[in-house]
Engineer: 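Mind having a look at this structure? Questions to follow.
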Amino acid sequence: MKKIILTLLTALLAFGLAGCSSSSEASKDKEVTLGATAGPYTDMVNKAIKPILEKKGYKVKVIEFSDYIQPNMALSKGDLDANLFQHKVYMENFAKEKNLKLSEVIIVPTAPMGLYSDKFKSIEDIKEGSTLAIPNDPVNLARTLIMLEDAKLITIKEGVNQLTASEKDVQDNPKNLIFKPLEAAQLPRAVQSADVAAVPGNFALAAKMDLLDAIQLESMPDTYRNRVVVNTKDVESTFAKDIKEVVESKEFEEVIDKEFKGFGKPEWMKK
């Protein structure tokens, strides 16, 4: 009889421990660490993603970064489960250079580049020979040239790869605009010194500029919109699927419409 009781107690104890272990593992599965660069994308994580993930039962930790290198390195080391700060071109180039395997989960609304001016109220007002401050890094420069072409201020040579276009690829410049290349971070201040400045959205917001004050906003292709990124091995994970579901939710879009005015929405949100 004692043997039977002991066997039952042992079985119950084992079952209890298995239950605790299962519960502990489930709890661990519901923990997620997200990284984003300081400014609008940390705000987006905190205001539009974290609260909805928490409603799904997740414990969410948000880590803010001040540069564009560490968010991907932290992700590759397992210090982050996902990050939000980069577009497709940057992600693919970074992964190639650092031999990392990164994949996107979903594209999010992104602050567009804009043309800003204290001297002109519209594109049509821009005078011949005006100085135009532009980013000096290849990716942002290519975006600027595409935006200027959309605004009918220049044309780019036919057959040029729009993702790598540079000033040398300008074919027509009817207003003889004088290009002034600067570090992207200096462009918000250049609004005061140049006639016109092309300012990437994240730098505009960091300088407390209103995106809607631009005389022209970029018609941004999805290639340049930021995305939630994970290690490729996690792209089919439960947490990645849950993040995608959060971003696709009506609640997420309502926060974007209220808190992130001027942000361009990706194609999937317009359908």
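Sequence positions, counted from 1, serve as the residue numbers for this chain. This is a predicted model, so every value here is computed, not measured.
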Engineer: With heavy-atom distances below 4.5 Å as the criterion, would you say the side chains of Lys241 and Glu245 are in contact?
Structural biologist: no

Engineer: Are the side chain of Asp81 and the backbone of Thr33 linked by a donor-acceptor contact shorter than 3.5 Å?
Structural biologist: yes

Engineer: Please answer whether the main-chain N or O of Ser66 pairs with a side-chain N or O of Thr37 as donor and acceptor at a distance below 3.5 Å.
Structural biologist: no

Engineer: Do side-chain atoms of Asn231 reach the backbone of Gly78 as a donor and acceptor pair under 3.5 angstrom?
Structural biologist: no

Engineer: Report, as yes or no, whether the 6.0 Å neighbourhood of atom NZ on Lys88 holds more than 12 heavy atoms from other residues, nucleotides or ligands.
Structural biologist: no

Engineer: Spell out, as yes or no, whether a donor-acceptor pair under 3.5 Å connects the side chain of Lys47 to the backbone of Glu259.
Structural biologist: no

Engineer: If the threshold is 4.0 Å, N to carboxylate O, is there a salt bridge linking Asp257 and Lys265?
Structural biologist: yes

Engineer: Test your reading of the model: is there a side-chain donor-acceptor pair from Asp67 to the backbone of Ile69, 3.5 Å cut-off?
Structural biologist: yes

Engineer: Do Tyr68 and Val199 sit in the same hydrophobic cluster, where Ile, Leu, Val, Met, Phe, Trp and Tyr count as joined when their side-chain heavy atoms come under 4.5 Å apart?
Structural biologist: yes

Engineer: Less than 4.5 Å apart, any side-chain heavy atom of Leu187 and any of Tyr116?
Structural biologist: no

Engineer: Is any side-chain heavy atom of Phe179 closer than 4.5 Å to one of Leu148?
Structural biologist: yes

Engineer: Do NZ/NE/NH1/NH2 and the carboxylate oxygens of Lys250 and Glu253 come within less than 4.0 Å?
Structural biologist: no

Engineer: Would Val105 and Phe239 count as a side chain to side chain contact (heavy atoms under 4.5 Å, CB included) here? Give the steps.
Structural biologist: CA-CA 10 Å; Val105 174; Phe239 78 79; over 6 Å; no

Engineer: Treating Lys56 as the side-chain partner and Ile243 as the backbone partner, does any N or O pair qualify as donor plus acceptor under 3.5 Å?
Structural biologist: no

Engineer: According to a hydrophobic-cluster definition based on side-chain heavy atoms being under 4.5 Å apart (Ile, Leu, Val, Met, Phe, Trp, Tyr only), do Trp268 and Val228 belong together?
Structural biologist: yes

Engineer: Strictly below 4.0 Å, N to O, side chains only: are Lys244 and Glu248 in salt-bridge contact?
Structural biologist: yes

Engineer: Could you walk me through whether Val255 and Ile52 satisfy the side chain to side chain contact (heavy atoms under 4.5 Å, CB included) test, starting with their C-alpha distance in whole Å, then the side-chain angles of each, then the deciding distance to 0.1 Å, before giving a yes or no?
Structural biologist: CA-CA 11 Å; Val255 176; Ile52 310 175; 5.8 Å; no

Engineer: If you draw a 6.0 Å radius around NZ in Lys270, do more than 12 non-hydrogen atoms from other residues or ligands fall strictly inside?
Structural biologist: yes

Engineer: Quick one, Met113 with Asn140, criterion side chain to side chain contact (heavy atoms under 4.5 Å, CB included). Give me CA distance, side-chain angles, the key distance, then yes/no.
Structural biologist: CA-CA 9 Å; Met113 178 180 286; Asn140 280 321; 4.0 Å; yes

Engineer: Any chance you could lay out the side chain to side chain contact (heavy atoms under 4.5 Å, CB included) test for Lys119 and Ser130, step after step, and finish with the verdict?
Structural biologist: CA-CA 10 Å; Lys119 298 179 181 178; Ser130 294; over 6 Å; no

Engineer: With heavy-atom distances below 4.5 Å as the criterion, would you say the side chains of Tyr224 and Val139 are in contact?
Structural biologist: yes

Engineer: Would you say the side-chain atoms of Asn83 pair up with the backbone N or O of Pro71, donor to acceptor, closer than 3.5 Å?
Structural biologist: yes

Engineer: If we check side chain to side chain donor-acceptor pair (under 3.5 Å) with Thr155, which of these qualifies: Asp169, Asp172, Asn173?
Structural biologist: Asp172

Engineer: Donor-acceptor check, side chain of Asp195 to backbone of Thr131, threshold 3.5 angstrom: yes or no?
Structural biologist: yes

Engineer: Short question: side chain of Arg227, backbone of Asp222 - any donor-acceptor pair under 3.5 Å?
Structural biologist: yes

Engineer: Do any N or O atoms from the side chain of Thr110 and from the backbone of Asn226 form a donor-acceptor pair under 3.5 angstrom?
Structural biologist: yes

